[in-house]
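Accompanying notes for the structure given below.
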Amino acid sequence: MQMTDPLLVPTKLLDFDAAPLARLIENRSWRGLSEYDRIGAAYDFVRNEIAFGYNRADDIPASEVLSDGYGQCNTKGTLLMALLRGVGIRCRLHGFTIHKGLQRGVVPELVYPLAPQEILHSWVEIEFQGAWINLEGFILDDAFLDVLQTSFSDTESLCGYGAGTDCLGAPPVAWNGEDTYIQKTAIVQDFGVYDTPDAFYLSHEQSFGWLRGALYRHIIRHWMNARVRGFRSGRLKTDRRATHAHEEPANAA
């Protein structure tokens, strides 16, 4: 009897068998591409056609992320994993926490003190040509990243606005068969590898507390998303005090 590969199956969160995801894969004709191009097509879709933004929770299914049209590290990672498995690419999740300073500038200063010191984070690992490749560079869409590169053109090190990198001018975010990163320098804890996001979120969840969690879901994340849209469109100026990892600069206006 043929065994099911645990790194290719759908799950509650990796619901690539749901109609919207199955239709996307079919309409884009991704299954007919080479392995390299299948990975690149799914990766580029999540990186740039799903905008950087904040969903209601980390543990939502890929189909909900697709419907939202935006996501952050964990939710965009879930969607990427679902699409990759849907086109036959073995993948798994690597879990971490990152320092909250990475969110400085996106989180309004008025509520920044309420943010947990460490924020749940993950990236996607894929099996490609006999090796495991780390994919994290899909988190920030090009339009948002361009604003950061322009606003902080005099530095290569940035930890804020959703970026944690020491090579801001040319971060390794494009799929070229190798590792991609955009938040790596802010990592605090390493939780190891999980076959699915479902298993990861059963073991780890973001500790907001009831009140902070409700405020985040119903008010703060919408405020954050409005700020992200403002930065992306050039309507808001970036705060240059939100620049370096693990620093706590004075409150911005």
Side-chain angles (χ1 to χ4, degrees), residues 6-16 21 39 42-43 45-47 50-66 68 70-86 89-103 106-107 115-128 132-141 159 161-165 171-173 175 178-208 213 216 221 224 245:
L7 300 185
L8 284 174
V9 296
T11 68
K12 182 179 178 181
L13 299 188
L14 302 178
D15 58 344
F16 62 83
L21 272 76
I39 296 167
Y43 181 89
F45 175 84
V46 173
R47 182 161 73 102
I50 303 297
F52 174 51
Y54 295 86
N55 312 93
R56 64 178 177 85
D58 288 320
D59 58 345
I60 62 174
S63 55
E64 183 173 339
V65 185
L66 180 65
D68 283 349
Y70 59 83
Q72 33 80 15
C73 57
N74 298 314
T75 53
K76 289 184 80 167
T78 295
L79 177 57
L80 178 57
M81 288 185 68
L83 294 175
L84 289 169
R85 290 193 181 191
I89 304 299
R90 302 180 79 233
C91 58
R92 62 193 187 191
L93 177 149
H94 199 142
F96 305 90
T97 63
I98 51 177
H99 190 272
K100 76 173 188 176
L102 183 135
Q103 304 291 2
V106 173
V107 177
Q117 197 68 17
E118 296 181 22
I119 298 170
L120 207 61
H121 177 56
S122 61
W123 68 48
V124 176
E125 296 187 357
I126 61 166
E127 189 176 43
F128 178 64
W132 285 100
I133 307 295
N134 303 326
L135 301 181
E136 190 209 53
F138 55 82
I139 300 167
L140 303 184
D141 56 273
C159 188
Y161 294 93
T165 180
V173 295
W175 166 245
E178 299 178 350
D179 297 340
T180 72
Y181 299 108
I182 194 59
Q183 296 186 347
K184 185 180 180 183
T185 62
I187 288 174
V188 180
Q189 295 189 64
D190 185 338
F191 294 135
V193 173
Y194 293 77
D195 285 357
T196 67
D198 310 56
F200 178 60
Y201 297 124
L202 282 175
S203 301
H204 302 281
E205 61 179 353
Q206 189 64 63
S207 56
F208 282 117
Y216 171 79
R221 75 179 182 94
M224 293 164 65

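No hydrogens, no waters, no symmetry mates; every other heavy atom, side chains included, goes into these values.
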Please examine the side chains of Leu93 and Thr196, heavy atoms only from C-beta on, and report whether any two atoms are closer than 4.5 Å. no
Contact check, side chains of Tyr70 and Asn55, non-hydrogen atoms, under 4.5 Å: yes
Exam field: side chain Lys76 to backbone Phe138, donor-acceptor pair closer than 3.5 Å: yes
Closer than 3.5 angstrom, by distance alone: can the side chain of Asp141 be matched with the main-chain N or O of Phe52 as a donor-acceptor pair? yes
Kindly give the heavy-atom pair with the smallest separation between Ala163 and Leu140, and that separation in Å. CB-CD1, 4.0 Å
Grab the two heavy atoms, one from Ile139 and one from Cys73, that are nearest each other, plus how far apart they are. CD1-CB, 3.5 Å
Is there side-chain contact between Phe96 and Val188, with heavy atoms separated by less than 4.5 Å? no
On the 0 to 90° scale, with breaks at 30° and 60°, tag the Phe200-Phe191 ring pair as parallel, tilted or perpendicular. tilted
Would you find a donor on one side and an acceptor on the other, under 3.5 Å apart, between the side chain of Gln183 and the backbone of Gly164? no
With sequence neighbours excluded, tell me which residues meet side chain to side chain contact (heavy atoms under 4.5 Å, CB included) with Arg90. Asp5, Leu7, Leu8, Glu127, Trp132
Min side-chain heavy-atom separation Tyr194-Ser122 under 4.5 Å: no
Counting C-beta onward and ignoring hydrogens, is there a side-chain heavy-atom pair between Thr165 and Lys184 closer than 4.5 Å? no
Distance, nearest 0.5 Å, that separates CD of Glu125 from CG of Leu84: 12.5 Å
Check side chain to side chain contact (heavy atoms under 4.5 Å, CB included) between Thr180 and all other residues, then give those that pass, not counting sequence neighbours. Tyr43, Leu135
Leu79 vs Leu21, test: side chain to side chain contact (heavy atoms under 4.5 Å, CB included). Steps then yes/no. CA-CA 9 Å; Leu79 177 57; Leu21 272 76; 4.1 Å; yes
Test of understanding: with salt bridge (Lys or Arg N to Asp or Glu O under 4.0 Å), list the residues that count as partners of Arg47, not counting sequence neighbours. Asp142
Taking the side chain from Glu178 and the backbone from Ile133, do they hold a donor-acceptor pair closer than 3.5 Å? no
Measure the CG-CG distance between Leu66 and Leu83 for me, rounded to the nearest 0.5 Å. 7.5 Å
Grab the two heavy atoms, one from Ser63 and one from Asp15, that are nearest each other, plus how far apart they are. OG-OD2, 2.5 Å
Quick one: does any side-chain atom of Thr97 pair with a main-chain N or O of Gln189 as donor and acceptor, under 3.5 Å? yes
CD1-CH2 distance between Ile39 and Trp175, expressed to the nearest 0.5 angstrom: 4.0 Å
Side chains of Cys91 and Ile126 in contact at under 4.5 Å (non-hydrogen atoms): yes
Please check: side-chain N/O of Asp58 versus main-chain N/O of Leu120, any donor-acceptor pairing under 3.5 Å? no
Would you name the heavy atoms of Val124 and Gly77 that are closest together and state the gap between them? CG2-O, 3.6 Å
Aromatic ring pairing Trp123/His121, orientation class (parallel under 30°, perpendicular over 60°, tilted between): perpendicular
How many angstroms lie between CE in Met224 and CD in Gln103, if you round to the nearest 0.5 Å? 5.0 Å
Taking C-beta and beyond as the side chain, do Leu102 and His99 meet within less than 4.5 Å on heavy atoms? no
d(His94 NE2, Ile187 CD1) to nearest 0.5 Å is 7.5 Å
Has Asp190 got a side-chain atom pairing as donor or acceptor with Gly192's backbone, closer than 3.5 angstrom? yes
Please examine the side chains of Thr78 and Ile60, heavy atoms only from C-beta on, and report whether any two atoms are closer than 4.5 Å. no
